[in-house]
Amino acid sequence: MIERKSYLDKLISKQNNGLIKIITGIRRSGKSYLLFEIYKQYLIGSGIKQECIIELPLDEIQNMKYRNPIELDQYIREKVSDTDKYYYVFIDEIQMVSEIQNPYIKHSSAKIGFVDVLLGLMKLKNADIYVTGSNSKMLSSDILTEFKDRGDEIHVSPLTYKEFYKSYKGEQRHAWREYFTYGGLPLVTLKKTHEEKSKYLRDLFAKTYITDVIERNKMNHNQELLEDLLNYISSAVGSLTNPSKLAKTFKSVKNVSISSETINKYLDYFEDAFIITKAQRYNVKGRKYIGSPLKYYFTDIGLRNARLGFRQQEENHIMENIIFNELKFREFDIDVGVVEYNSKNDAGKSIRTNLEIDFVANKGSQRYYIQSALTVSEEEKRLQEINSLKRVDDSYKKIVVVKDDIVPWHDEYGILYIGIEEFLLEQNSLEL
């Protein structure tokens, strides 16, 4: 069993809070396993009897009857009818519940779906409701808007490096290389060879993710365009881009004319399905956001690598993507920092220069400026990497994460230097 303690702790903290617990996340990230294995074992261990845990996996053929919302509602209410007992209701693949015509209202377009069922079940005094979903309807990042203030989301990501490392069966010295290449989707860890892992990741895109995006957004064509767009975004991880730039790429490489508005819409589709996440640029000194360009990162680096056939293995960009995902897991809001300063050229003319900070990570009153670098073993390279950090004149902590395995140290500016594995494995790495 892969330990996913942080998510278990979140479920425990939300237990019996009167809200619907909605477990979201990219497909194959371990949502069902978290609920039906890890959380279930916790409940049983805390004294909950098996008979008080109602499990309904809607993807199984014997349960297809309950994909009708009225049948589902009746089934759950019958299961929890003993008001002297308190029940925990787990419904898996809730998106498989179909929308049907309201049979009690004639000549009406009114529909009944899983949202109506869950909002009704939530009012039961002796039941705690948990649902997961694995296609576009439940993967949508706007799912909570359908439940208004009555849903409580637990967002599950692929394995962090720490989770991966603790469950890794090979020699520990190879763990980073494996994670760096194939990412952290739990089922990838069960595959033995490169061919098996590569096929699994490629098939996920071809048979699952792309299909979900097309179905949810009612796209009957343009699959090839979506595939190409994903490939371009994969190549641009860690680089600034925008829809206009991508539109020009389509024109020059594919000789296809597509508007930047359409590309922006398609990128939103990928983001809604949690395949990618964008990071806005933030002017650190001006304390304002800069509209465009921006950066996109993949929720799982293995998926990104598979899109490109494991050909573009730029260590700096992959490491940057992994750091971004780790900061998201630690629940930081993340921006790409921009530091502006004025200087004079050889002719004495004043020029404005923009320097980049890879990540400005914020959580409440906390803020960290983080730079990702392969190495700072050469002084010239080190000074280049910290140039932007030195020009930030506030007291928040500044960190350089390097690929090398080093003993953490601080320079004369108070900047912390730390190796990537220690940064990912140590919970308090930001506080060293």
Side-chain angles (χ1 to χ4, degrees), residues 160-161 176 179-180 236-241 277-287 289-290 293-298 301 304 313-341 343 353-363 366-432:
T160 65
Y161 181 61
W176 170 250
Y179 188 80
F180 176 97
V237 159
S239 301
L240 293 170
T241 191
T277 305
K278 65 185 172 188
Q280 302 280 1
R281 297 172 78 213
Y282 178 76
N283 185 320
V284 175
K285 292 188 174 181
R287 298 183 180 180
Y289 282 97
I290 304 170
L294 43 76
K295 291 187 178 184
Y296 288 94
Y297 296 99
F298 272 74
I301 197 62
R304 178 266 180 191
Q313 295 295 93
E314 311 96 329
E315 290 182 290
N316 56 332
H317 291 160
I318 293 176
M319 196 171 93
E320 187 177 322
N321 199 140
I322 291 172
I323 292 172
F324 177 85
N325 288 342
E326 177 68 21
L327 292 170
K328 290 290 287 185
F329 171 77
R330 297 187 188 186
E331 300 184 334
F332 283 94
D333 296 317
I334 312 162
D335 301 312
V336 176
V338 176
V339 181
E340 293 182 343
Y341 73 97
S343 61
T353 302
N354 289 336
L355 297 175
E356 184 178 294
I357 299 174
D358 289 330
F359 303 119
V360 181
N362 295 286
K363 181 164 52 173
Q366 302 176 65
R367 172 176 287 187
Y368 300 91
Y369 299 103
I370 301 172
Q371 202 77 332
S372 173
L374 287 180
T375 182
V376 290
S377 57
E378 297 180 3
E379 184 65 6
E380 183 179 351
K381 174 64 174 174
R382 184 180 76 85
L383 293 176
Q384 178 183 335
E385 290 290 348
I386 67 172
N387 192 18
S388 58
L389 298 177
K390 287 165 52 181
R391 295 180 182 277
V392 178
D393 54 4
D394 61 36
S395 59
Y396 291 112
K397 192 159 189 176
K398 302 167 182 66
I399 302 170
V400 178
V401 182
V402 299
K403 181 192 173 187
D404 302 328
D405 182 15
I406 62 172
V407 175
W409 61 282
H410 293 82
D411 65 14
E412 65 271 28
Y413 303 103
I415 298 171
L416 169 67
Y417 299 79
I418 185 173
I420 180 65
E421 289 197 70
E422 184 166 358
F423 174 80
L424 298 172
L425 292 173
E426 297 297 329
Q427 190 65 36
N428 66 338
S429 58
L430 291 172
E431 306 302 327
L432 295 177

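One is the number of the first residue; the rest follow in order along the sequence. Computed from a predicted model, the values in this text were never measured in an experiment.
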- Task: Give a yes or no on whether the backbone of Gly238 and the side-chain of Lys295 come within a donor-acceptor separation of less than 3.5 Å.
- Result: yes
- Query: Do Asp411 and Ile386 pass the side-chain contact (heavy atoms from CB on, under 4.5 Å) test, and can you show the C-alpha distance, the side-chain angles, and the key distance before you say yes or no?
  - Reply: CA-CA 10 Å; Asp411 65 14; Ile386 67 172; 3.9 Å; yes
- For the pair Tyr297 and Phe324, name the ring-plane relationship: parallel under 30°, tilted 30 to 60°, perpendicular over 60°. parallel
- Item | Gap between atom CD1 of Ile399 and atom CD1 of Ile418 - 0.5 Å precision | 7.5 Å
- Item | Charged tip of Arg330 within 45° of Phe423 ring normal and under 6.0 Å | yes
- Query: Roughly how far apart are Tyr179 OH and Ile301 CD1, rounded to 0.5 Å?
  - Reply: 9.0 Å
- Message: Distance check, rounded to the nearest 0.5 Å: Ile370 atom CD1 versus Lys397 atom NZ?
- Response: 10.0 Å
- Query: Any sub-3.5 Å donor-acceptor pair from Asn325's side-chain atoms to Phe298's backbone N or O?
  - Reply: yes
- Message: Any non-hydrogen side-chain atom of Gln366 less than 4.5 Å from a side-chain atom of Leu430?
- Response: no
- Task: Please answer whether the main-chain N or O of Ile334 pairs with a side-chain N or O of Lys328 as donor and acceptor at a distance below 3.5 Å.
- Result: no
- Message: Between Phe332 and Tyr368 (judged by ring centroids, cut-off 6.0 Å), do the two rings come close enough to count as a pair?
- Response: yes
- Hey, does Glu320 have a side-chain heavy atom less than 4.5 Å from the side chain of Glu314? no
- Query: Got Arg281 and Leu240 here, is their nearest side-chain heavy-atom distance under 4.5 Å?
  - Reply: yes
- Tyr396 backbone acceptor or donor facing Asp394 side chain under 3.5 Å: yes
- Item | Separation between CD1 of Ile357 and CD of Gln371, rounded to the nearest 0.5 Å | 6.5 Å
- Residue Glu378 excluded, over 12 heavy atoms near CD under 6.0 Å: no
- Could you tell me whether a side-chain N or O of Tyr161 sits under 3.5 Å from a main-chain N or O of Trp176, the two making a donor and an acceptor? yes
- Is the side chain of Asp335 donor-acceptor paired with the backbone N or O of Gly337 at a distance under 3.5 Å, no angle test? no
